[in-house]
Number of protein chains: 2
Amino acid sequence: MGIKDDAVEVRAQGWRTLAALHGLIEAELERSLQAVAQLSVVEYTVLDALSRQDGWHMRMQQLARATALSASATTRLVTRLEDRGLLTRILCADDRRGIYTELTPKGVDLLEEARPSHDAALERALAGAHEVPELAPLVDALPRLHARV
Amino acid sequence: MGIKDDAVEVRAQGWRTLAALHGLIEAELERSLQAVAQLSVVEYTVLDALSRQDGWHMRMQQLARATALSASATTRLVTRLEDRGLLTRILCADDRRGIYTELTPKGVDLLEEARPSHDAALERALAGAHEVPELAPLVDALPRLHARV
DNA sequence: GCGGTATAGTTGCTTGTGCAACAATAAATA
DNA sequence: TATTTATTGTTGCACAAGCAACTATACCGC
């Protein structure tokens with residue numbers, strides 16, 4: 001087994017670890033968000049992304065990228081949230097193909113209501129993952145990516 | 001903003017980064033595996049997990065954990081692969097509730113055929129992700145988790 | 001051994017997702 | 001300006017996923 005093969009195997013193992021941790025966290029968030037706000041993880045992701053956006057509006061395609069979803073899934077996701085009154089579609093004046101989505105006050109409220117639960121669930125999930133030997137190193141590495149210090 | 005709030009935000013950002021990278025990689029693998037072997041990422045994950053198992057057999061529940069899938073999804077996933085002749089169900093002698101799944105020679109062949117393409121796609125995805133500033137640190141951290149040196 | 005509880009896996013049903021085809025608008029080219 | 005080409009978002013369709021309910025087997029206390 002040469003150096004090159006090692007690199008391949010190391011990448012594969014890294015990916016498996018990443019996928020496993022992702023799965024754990026997503027499951028925990030899903031349970032938590034569903035319980036507290038009847039939101040799925042992607043739905044929360046949309047609301048959160050919009051809330052961290054200047055003016056609280058984003059275009060469909062930005063949303064698709066932010067959620068790693070297809071265009072069609074994004075359309076229906078936005079429709080779903082719009083039907084619940086959590087955001088609104090706003091036609092784009094300068095580019096009439098484009099559509100902005102914007103949080104409604106109700107959307108902001110629900111997000112603020114869900115956020116503490118989300119954050120707690122994330123913390124729980126990471127703590128739980130840290131107990132799994134294969135996942136612990138990644139859990140430790142994660143906060144170092146963006147730490148201020 | 002206190003220290004505690006910072007920790008929450010750091011975790012959230014770490015999670016967003018993890019999810020984004022996961023999405024990119026999964027999409028790239030999906031395309032690649034679909035093209036070369038008509039396999040989805042989870043399907044490949046099952047075959048790969050079985051191949052790295054002594055005796056090439058696993059129980060349904062192990063598989064469910066390895067793929068981060070529900071029990072019912074696992075049942076149908078295994079059924080799908082069984083219908084294609086890539087693995088077989090084997091009744092467990094000592095625990096008659098349990099069911100082992102085992103790769104068939106055909107399954108091994110397909111896996112070996114798909115693996116190079118999978119590994120290349122993974123490498124491409126990581127290289128691509130490395131170009132995205134927010135993702136680069138995580139991409140760099142990944143191979144260090146399990147590196148031999 | 002016998003009833004109650006826990007565990008393993010499967011099935012019905014509903015829902016979210018991706019792909020491909022589409023409509024509408026913008027941008028490029030002649 | 002007219003025509004092609006690219007981009008943005010939406011819809012029809014097929015399929016995979018989760019939840020809850022179910023069957024079958026194992027385990028535990030009596």
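Per chain, numbering begins at 1; letters A, B, ... match sequence-line order.
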(message) Can you measure A:Met60 atom CE to D:dT11 atom P for me and round it to whole angstrom units?
(response) 10 Å

(request) Compute whether any side-chain donor of one residue and acceptor of the other, for B:Thr104 and B:Thr88, lie under 3.5 angstrom apart. (result) no

(request) Drop me the distance from B:His22's NE2 to B:Leu138's CG, to the nearest 0.5 angstrom. (result) 11.5 Å

(request) Just do the salt bridge (charged side-chain N to carboxylate O under 4.0 Å, His left out) check on B:Glu9 and B:Arg16 with the steps written out, would you? (result) CA-CA 10 Å; B:Glu9 187 45 43; B:Arg16 285 195 295 269; 3.2 Å; yes

(message) Looking only at the side chain of A:Ser70 (C-beta and beyond, no hydrogens), which of the listed nucleotides D:dT8, C:dG9, C:dG18 gets closest?
(response) C:dG18

(message) Side chain of A:Thr75, heavy atoms from C-beta onward: which of D:dG9, D:dA24, C:dG16 has the nearest atom to it?
(response) D:dG9

(request) Round to a whole Å and report the spacing from CD of A:Glu82 to P of D:dG9. (result) 14 Å

(message) Is it the case that D:dG18 (base atoms only) and B:Arg76 (side chain only) share a donor and an acceptor within less than 3.5 Å, ignoring hydrogens and angles?
(response) yes

(request) Tell me yes or no: between the side chains of B:Arg89 and B:Thr79, is some donor less than 3.5 Å from an acceptor? (result) yes

(request) Respond yes when some side-chain nitrogen or oxygen of A:Arg89 is under 4.0 Å from OP1 or OP2 of D:dT10, and no when none is. (result) yes

(message) From CD of A:Glu30 over to C1' of C:dT15, roughly how many Å is that when rounded to an integer?
(response) 12 Å

(message) Measure CD/A:Gln34 against P/C:dT15 and give the value in whole Å, please.
(response) 12 Å

(message) Please report the distance, rounded to the nearest Å, between CG in B:Leu77 and C1' in D:dC15.
(response) 13 Å

(request) Mark yes or no for a side-chain to base donor-acceptor pair under 3.5 Å between A:Arg96 and C:dT25, with no hydrogen or angle criteria applied. (result) no

(request) Please check if the distance between the ring centroids of A:Trp15 and B:His118 is under 6.0 Å. (result) no

(request) Return the value, rounded to whole Å, for the distance between atom CZ of A:Arg65 and atom C1' of D:dG9. (result) 14 Å

(message) By the 4.0 Å heavy-atom rule, please label A:Ala71 as base, sugar-phosphate, or nothing.
(response) base

(request) Could you check how far CG of A:Asp95 sits from P of D:dT7, rounded to whole Å? (result) 12 Å

(message) Can you tell me whether the side chain of A:Ser72 and the base of C:dG18 have a donor-acceptor pair closer than 3.5 Å?
(response) yes

(request) Would you kindly give the CG-to-C1' distance between B:Leu69 and D:dG18, to the nearest whole Å? (result) 9 Å

(request) Please determine, for the side chain of B:Arg97, which listed nucleotide (D:dA17, C:dA24, D:dA26) has the closest atom? (result) D:dA26

(request) Could you pick out which residue, B:Arg59 or B:Ala73, lies toward the 5' side of DNA chain C when each is mapped onto its nearest nucleotide? (result) B:Arg59

(message) Can you work out whether A:Thr74 or A:Arg31 has the more 5'-proximal nearest nucleotide on DNA chain D?
(response) A:Thr74

